[in-house]
There are 2 protein chains.
Amino acid sequence: MIHLLNSRSKNGNFFISLKSILGFAPKQMMFYRRAFTHPSFQKKDSFGQPLNYERLEFLGDAVLGSIVAAYLFEQLPEADEGYLTKMRAKIVSRHTLNEVGKDFDLVRLMTADVHQSQFGENIHGDLFEALVGAIFRDRGYKYCKRFIYKKLITEYVDIERLDGKILSYKSHLIEWCQKEKKNIRFEDEEDTGREEMTYFATRLFIADKLVAKARSTSKKKAEEKAAQRAYYKLKNLINR
Amino acid sequence: MIHLLNSRSKNGNFFISLKSILGFAPKQMMFYRRAFTHPSFQKKDSFGQPLNYERLEFLGDAVLGSIVAAYLFEQLPEADEGYLTKMRAKIVSRHTLNEVGKDFDLVRLMTADVHQSQFGENIHGDLFEALVGAIFRDRGYKYCKRFIYKKLITEYVDIERLDGKILSYKSHLIEWCQKEKKNIRFEDEEDTGREEMTYFATRLFIADKLVAKARSTSKKKAEEKAAQRAYYKLKNLINR
């Protein structure tokens with residue numbers, strides 16, 4: 001059995017990492033343990049169901065869909081149901097959920113019986129959905145809604161971008177800096193770290209202040225990711 | 001403009017009919033008025049959105065999906081995510097929702113600019129979803145959950161039947177009565193009422209007590225519907 005968080009066996013560390021992701025203290029740990037157990041792990045519960053995240057992922061997917069639908073319904077009073085449906089599909093897309101799960105580095109909390117390289121591309125989004133399911137079972141609808149607003153919607157959802165109005169955060173940010181007469185600078189460096197692949201780490205400075213950091217498999221991707229993060233941080237300023 | 005509830009213009013009647021369907025007093029009537037306005041009705045709101053049920057239907061569909069998912073997750077601890085997905089699809093199917101909407105006779109509350117015959121088959125389910133959306137906006141998640149449990153799940157959802165174990169309520173009920181040595185009797189009569197079509201009305205007696213009534217376009221359908229209602233009333237006795 002492989003514990004990806006080395007000290008997962010020490011309950012304390014799993015709890016602390018989880019709490020920092022959630023932003024509140026989890027109560028019924030069994031839901032979260034299950035949310036972070038890979039299907040390769042063979043143990044079953046007393047109902048004969050495999051002790052893994054798949055049932056919670058089903059629940060989380062449904063809860064996420066309804067909370068995002070309610071958010072869009074309120075935020076976009078001028079949108080018809082076709083537009084609402086389209087926007088929701090973009091927000092709960094595999095692409096977005098994988099990104100969120102990756103940024104939280106959810107796989108590090110996982111228990112599995114196979115190596116991380118066998119998890120597949122969508123593991124990050126699956127874990128995020130399972131986590132939403134666990135929060136719903138542990139603390140109910142309101143906590144779940146608050147979590148999704150704080151961790152998904154505020155950080156990743158930009159209706160303008162989803163609507164195709166922003167294609168590159170990097171060029172969007174550069175334009176804005178030119179208009180505002182602020183200098184903007186990307187500092188990239190190769191970062192081999194523990195992994196076999198080479199990564200690029202980017203630090204983005206605006207007016208000589210470090211605004212965002214990102215890491216990806218190419219310089220271009222890392223810069224775009226850093227620009228996106230900077231954009232969300234400065235959104236209120238930029239869209240003023 | 002056609003008001004299907006003749007006295008819809010008198011606010012009181014719409015309110016009373018609605019309250020009896022909901023099982024609680026609605027607060028913000030605007031959501032319910034919109035939930036019962038057909039797209040043929042041309043008025044728009046201050047955001048330029050047509051004043052009809054389509055946006056609320058989008059919301060209600062999502063909320064319904066998550067509440068039914070959470071119900072199944074709790075009720076079926078022994079089911080895997082594939083089975084949960086299948087069961088949910090059956091419960092929120094057009095067929096079931098149309099049946100519920102029809103039984104509540106939701107179209108009678110509708111405002112439209114076309115004749116009822118032009119509404120299409122799925123109007124009943126659409127209205128039920130829009131009503132769920134209106135409840136969610138008016139009173140929030142908890143009321144919505146209670147409404148769906150009481151009006152949809154308790155009355156229409158039988159996991160055994162959805163799983164294909166009960167094919168006909170009528171034969172299921174007859175068998176049970178034979179086993180329990182109770183006499184069972186269907187009384188049918190033609191019922192032309194106001195409509196152009198002929199309907200059949202069935203009254204179902206068990207041990208000479210009236211247990212359920214139903215009305216449909218054929219005798220067979222009316223008897224099956226009455227048997228289904230009787231089954232749900234007696235479910236606890238039958239499955240003892």
Side-chain angles (χ1 to χ4, degrees), chain A residues 30-31 34 39 44-89 91-92 126 129-130 132-138 140-146 148, chain B residues 30-31 34 39 44-89 91-92 126 129-130 132-138 140-146 148:
Chain A
M30 60 174 189
F31 295 122
R34 190 178 278 226
K44 295 196 171 185
D45 65 16
S46 57
F47 295 103
Q49 273 306 297
L51 261 169
N52 67 44
Y53 62 67
E54 289 175 319
R55 277 171 49 93
L56 284 167
E57 185 195 347
F58 160 81
L59 179 62
D61 170 78
V63 171
L64 187 60
S66 74
I67 289 173
V68 171
Y71 166 79
L72 292 170
F73 187 95
E74 281 182 51
Q75 289 296 307
L76 301 175
E78 74 290 355
D80 67 19
E81 67 289 358
Y83 187 82
L84 295 173
T85 305
K86 202 178 83 186
M87 284 295 127
R88 184 172 61 154
I91 295 174
V92 301
D126 292 350
E129 288 182 330
V132 169
I135 297 170
F136 184 80
R137 287 293 287 151
D138 179 30
Y141 183 81
K142 273 194 185 159
Y143 268 79
C144 220
K145 179 178 163 187
R146 213 180 302 157
I148 290 168
Chain B
M30 60 176 188
F31 295 121
R34 190 178 277 225
K44 296 197 172 185
D45 66 16
S46 57
F47 295 100
Q49 274 306 298
L51 260 169
N52 67 42
Y53 63 67
E54 289 175 320
R55 276 171 49 92
L56 284 167
E57 186 195 346
F58 160 81
L59 179 62
D61 171 77
V63 171
L64 187 60
S66 75
I67 289 172
V68 170
Y71 166 79
L72 293 170
F73 187 95
E74 282 183 51
Q75 289 296 306
L76 301 175
E78 74 290 355
D80 67 19
E81 66 288 357
Y83 187 82
L84 295 173
T85 305
K86 202 179 83 186
M87 283 298 127
R88 184 172 61 155
I91 295 173
V92 301
D126 292 351
E129 288 183 329
V132 169
I135 297 169
F136 184 81
R137 288 291 290 148
D138 180 30
Y141 183 82
K142 273 194 187 159
Y143 268 79
C144 220
K145 178 178 162 186
R146 211 179 305 157
I148 290 168

Quiz item: cation-pi between A:R146 and A:Y143, 6.0 Å / 45°: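 Yes, cation above the ring, under 6.0 Å and within 45°.
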
With a 4.5 Å limit on heavy-atom distance, are the side chains of A:L72 and A:I91 in contact?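 When only atoms from C-beta onward are counted, A:I91 and A:L72 do touch, with a gap below 4.5 Å.
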
Any side-chain heavy atom of A:E78 sitting closer than 4.5 Å to one from A:L76?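 They are in contact (side-chain heavy atoms under 4.5 Å apart), so the answer is yes.
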
Among A:I67, A:T85, A:D61, who wins on heavy-atom pairs under 4.5 Å with chain B?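 Sorted descending by pairs with chain B, the first entry is A:T85.
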
Between A:G133, A:A70, A:P77, which has the largest tally of heavy atom pairs under 4.5 Å with chain B?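 Most pairs with chain B among the choices: A:P77.
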
Tell me, side chain or backbone of B:L56 under 4.5 Å from chain A's heavy atoms, or both, or neither?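 The answer is both parts of B:L56.
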
Can you tell me if A:R55 uses its side chain to pair, donor with acceptor, with the backbone of B:A79 under 3.5 Å?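 Such a contact is found between A:R55 side chain and B:A79 backbone.
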
With a 4.5 angstrom heavy-atom cut-off, which part of A:Y141 approaches chain B: side chain, backbone, both or neither?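 Side chain only.
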
